[in-house]
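Just so you know, ligand 1 is whichever comes first in the structure, and atom 1 is the first atom listed for that ligand. None of these values were measured; they are calculated from a predicted model.
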Amino acid sequence: MITPSHKNKITRHCLTLFRLAVMLPLFFGCQAKQEDQATDRFLLLEGPATNWEKEAFPLGNGRLGCMVFGGIEEERIQFNVDNLWTGDENLPGEYGAPGMGTYQNFGNLYVALDARGPATQYRRELNISRAVCSVAYEQDGTEFLRETFCSYPDQVLVSRMRASEKGSYSGRLWLAGAHGEMTTGQSNSLFFSGKLENGLEYEAQLLVSHQGGAMSLEGDTLVFSGCNNLTLFLAAGTSYAMDYKSGWRGEHPHAHVTAQANRAGNKSWSKLLRTHVEDYQSLYNRVEIDFGTSEEAQLSLPVDQRLLAIRNGRADPEMDELLFQYGRYLLIASSRPGSLPSNLQGLWNDRNDPPWHGDYHSNINLQMNYWHAESANLAECHTPLLDLLSESVVPFREATKLSFGNDIRGFTVRTSHNPFGGMGWKWNIPASAWYARHFWEHYAFGGDKNYLGSVAYPYLREVCQYWEDHLKVLPDGRLVAPNGWSPEHGPTEDGVSYDQQIIWDLFSNTIEAATELGVDEDYREKLSVMRDSLVGPKIGKWGQLQEWMEDRDDPQDQHRHISHMFAVYPGRQISVSQTPELAEAAAISLNARGFGTVVGWANAWKTALWARLLDAENAYSYYHKEVSANAYPNLWNGCWPGRVFQIDGNFGITAGAIEMLVQSHAGEIHLLPALPEAWATGSVRGLCARGGFVVDMRWESGVLVDLNIYSKEGGNCSMNYKGEQIHIKTESKKNYSFKLEEGLFKMVRTLS
Ligand code: FUC
């Protein structure tokens, strides 16, 4: 197996830890010796956050998340539970904003410390290799350290505050619910609960343990003095259930939340931390990358200054790596089995009126959140999306009938929807077909036939039925989607490319699914006739890929949506190898759209599109733009910078980078299809390809030198490197290692 070449990096990360060890010998001294710390990746800032979306650091366990500000005299930890939503299923009737509801803030936890004079050596770090945020500083000769994480196994937020001198903690701590709730408590706990207008009940409980000193309740505040350390356990939940039949409601959260807080409170910090890190790393550690080495002077800067230097032209390949892994970190933090899918802001939100309700947007955003889920080796994190979409089928079906007539089969979705099967703004008619590709992809990468037969294929098939009933036949016999809209752009009319391409994709995926399962032969035949009758992609008068059936694209138009590129990515109707003229037309259109209005998600999409068009330097220019123009100091993606944070760009950029390294949409694994000069020497471990393969590679000066393929399921594996094709028959759970010598692949070993 290939190990990324981290030799220099190990030395430098150790130096970082060494500095911390010097600064905080009491706490970090022992950790610096641990081997597994050596390649940890950090986001570092040298001051407390003053801005929630740009500077605070996100933590999450898929369901419960928080933002750590790291204030010196007042720590603020703003927290969320992913299903604290207003709104409902909003059936029957209008699908306007009121029934749609809004994702809510849950509240804040504040810790005010007695003033001790100025702080020095302040460092606030988000360690994305361990999913732990730490805040360290020195004050009045005493070293202070706080560490916070959100545990998936224990379902609580845990924060520990320590100091080098005994008795250093005196102050107050309190909870502030985001809906004006009254907090009550006991000598070492605080509690608030409430009910939203839609009947959703919620509760938060904080337990605090301390060593030394004293703690007591004064009104709604815990007052502590002379404590050596404090450990905070925050549990929070709601009565939401991802269950249509039970009206999306389960039990009152009190019993659950109490049990979670108490169970955690009875465990030691080190046990909670160990369990958390082991769980997190079981996902995170599957992938490692090396795009080169940044200079020490650049690497040791806090992120804000590092971004500034990059904007001024300094190279920083390890920032490219950090951004890549951050997309994986944020998915693990906002989407775990049992949680809701990651919404427009993941699960982080400090407002009760977040931009676009903090909802699920079906015309690019929700899908983009999951573009990297399979390829970045996080298939488990994909399941919240598939679960909510499956559970929403009944209300989506009912809403579809109300708008499209009782006789229509299948279902589709509006542009925005909520976790109760309710919908908001405007029908997005091919949305369910786009969602269907996520069900297919989960199988294409994972190979689980039971899942394909019981979950994915029924979904795909039902969406096909919608289109069987909804497609319109033109006088010449060709098929078009009637009354479509290229998202947020142009007129409403028949045969819009976005619709046509997504339907092509749906039919293709369904045919393949039925073939894999060996079912519905006649239906497969019917679908393939329909697919071949669809009006297909067209090349217009300036050589562009047409966005509409009519050749009206404006070469000056730089609209942020690039929906007519669906066929290039994430779809597979257009590719350089199979449809070169259309690929060329797509490149012309993409060039004309240019950087356009800087919108994070569009930038990420363009990275993936250029990668699919095998244009490494254009792909990299958009990847780099994400760092040089869009990223905030906490590396969150700005959608229309200066306006709002939106997480899709963070996820999409990781997906785009993977397309630069490995592609597998065209029946073979294409190795290093769009490797840019900036990443000329590097390595990757653990990227996934369709067919159940895991790819490790090492390359030097732009040339692949080592390759390892792990086969999860067995079966034939075709690979392509710069036109050279290799075909191997694999057995399940075996590794196949190759070396590239004189341009030819040599199998070096096969390992179980
Ligand atoms: C789409 C985009 C907007 C924004 C919104 C949440 O409608 O056009 O830019 O990302 O989703």
Side-chain angles (χ1 to χ4, degrees), residues 53 82 85 87 95-97 100-103 327 330 334 340-351 353-371 385 388 412-419 422-432 434-435 484-492 496-499 502 547 557-566 569-570 590 593-609 622 625-626 629-632 636-653 655-656:
E53 72 172 344
D82 67 349
W85 264 82
Y95 305 102
M100 170 67 198
T102 304
Y103 179 45
L330 290 169
S334 63
L340 279 175
S342 190
N343 64 39
L344 282 172
Q345 298 189 169
L347 56 56
W348 299 279
N349 168 32
D350 67 335
R351 290 160 51 172
D353 61 342
W356 292 286
H357 318 288
D359 64 25
Y360 300 114
H361 248 64
S362 68
N363 68 7
I364 177 64
N365 317 90
L366 180 57
Q367 293 93 327
M368 183 177 283
N369 284 3
Y370 288 89
W371 278 355
L385 173 68
L388 181 66
T412 191
V413 190
R414 287 181 171 246
T415 304
S416 60
H417 53 100
N418 69 21
M423 297 194 255
W425 183 61
K426 217 170 165 74
W427 282 107
N428 174 23
I429 305 175
S432 57
W434 192 342
Y435 286 161
W485 190 38
S486 196
E488 309 187 30
H489 193 212
T492 298
V496 168
S497 301
Y498 166 75
D499 291 358
I502 293 177
E547 186 161 357
D557 182 354
Q558 297 214 322
H559 195 275
R560 65 191 180 286
H561 281 275
I562 32 179
S563 311
H564 52 314
M565 305 284 165
F566 174 93
Y569 184 91
L590 205 48
R593 277 296 216 264
F595 280 118
T597 3
V598 182
V599 174
W601 57 257
N603 212 64
W605 196 350
K606 288 169 187 169
T607 306
L609 287 166
Y622 284 93
K625 192 98 181 160
E626 187 61 27
N630 284 350
Y632 295 146
W636 264 357
N637 157 75
C639 175
W640 302 354
R643 266 199 66 195
V644 290
F645 146 64
Q646 224 169 267
I647 205 158
D648 39 24
N650 282 104
F651 293 144
I653 206 73

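N428 and Y498 share a donor-acceptor pair across their side chains, judged by distance under 3.5 Å alone.
Checked against ring-ring contact (aromatic ring centres under 6.0 Å, His included), W601 has the following partners two or more places apart in sequence or in another chain: H561.
Using a distance-only test at 3.5 Å, with no hydrogens or angles considered, no donor-acceptor pair links the side chain of T607 to the main chain of I653.
Taking the centre of each ring, F645 and W348 stay at or above the 6.0 Å mark. Checked against the 6.0 Å centroid threshold, W371 and W605 count as a close aromatic pair.
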Close N/O pairs between ligand 1 and protein, under 3.5 Å:
from	atom 1	to	atom 2	distance (Å)
ligand 1	7 (O)	E488	OE1	3.2
ligand 1	7 (O)	E488	OE2	2.1
ligand 1	8 (O)	E488	OE1	2.8
ligand 1	8 (O)	E488	OE2	3.2
ligand 1	8 (O)	R560	NE	3.1
ligand 1	8 (O)	R560	NH2	3.0
ligand 1	8 (O)	H561	NE2	2.6
ligand 1	9 (O)	R560	NE	3.1
ligand 1	9 (O)	W601	NE1	3.4
ligand 1	10 (O)	N365	ND2	3.2
ligand 1	10 (O)	W601	NE1	2.9
ligand 1	10 (O)	Q646	OE1	3.4
ligand 1	10 (O)	Q646	NE2	2.9
ligand 1	11 (O)	N365	OD1	3.1

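Between V644 and P355 the shortest heavy-atom distance is CG1-CG, 3.3 Å.
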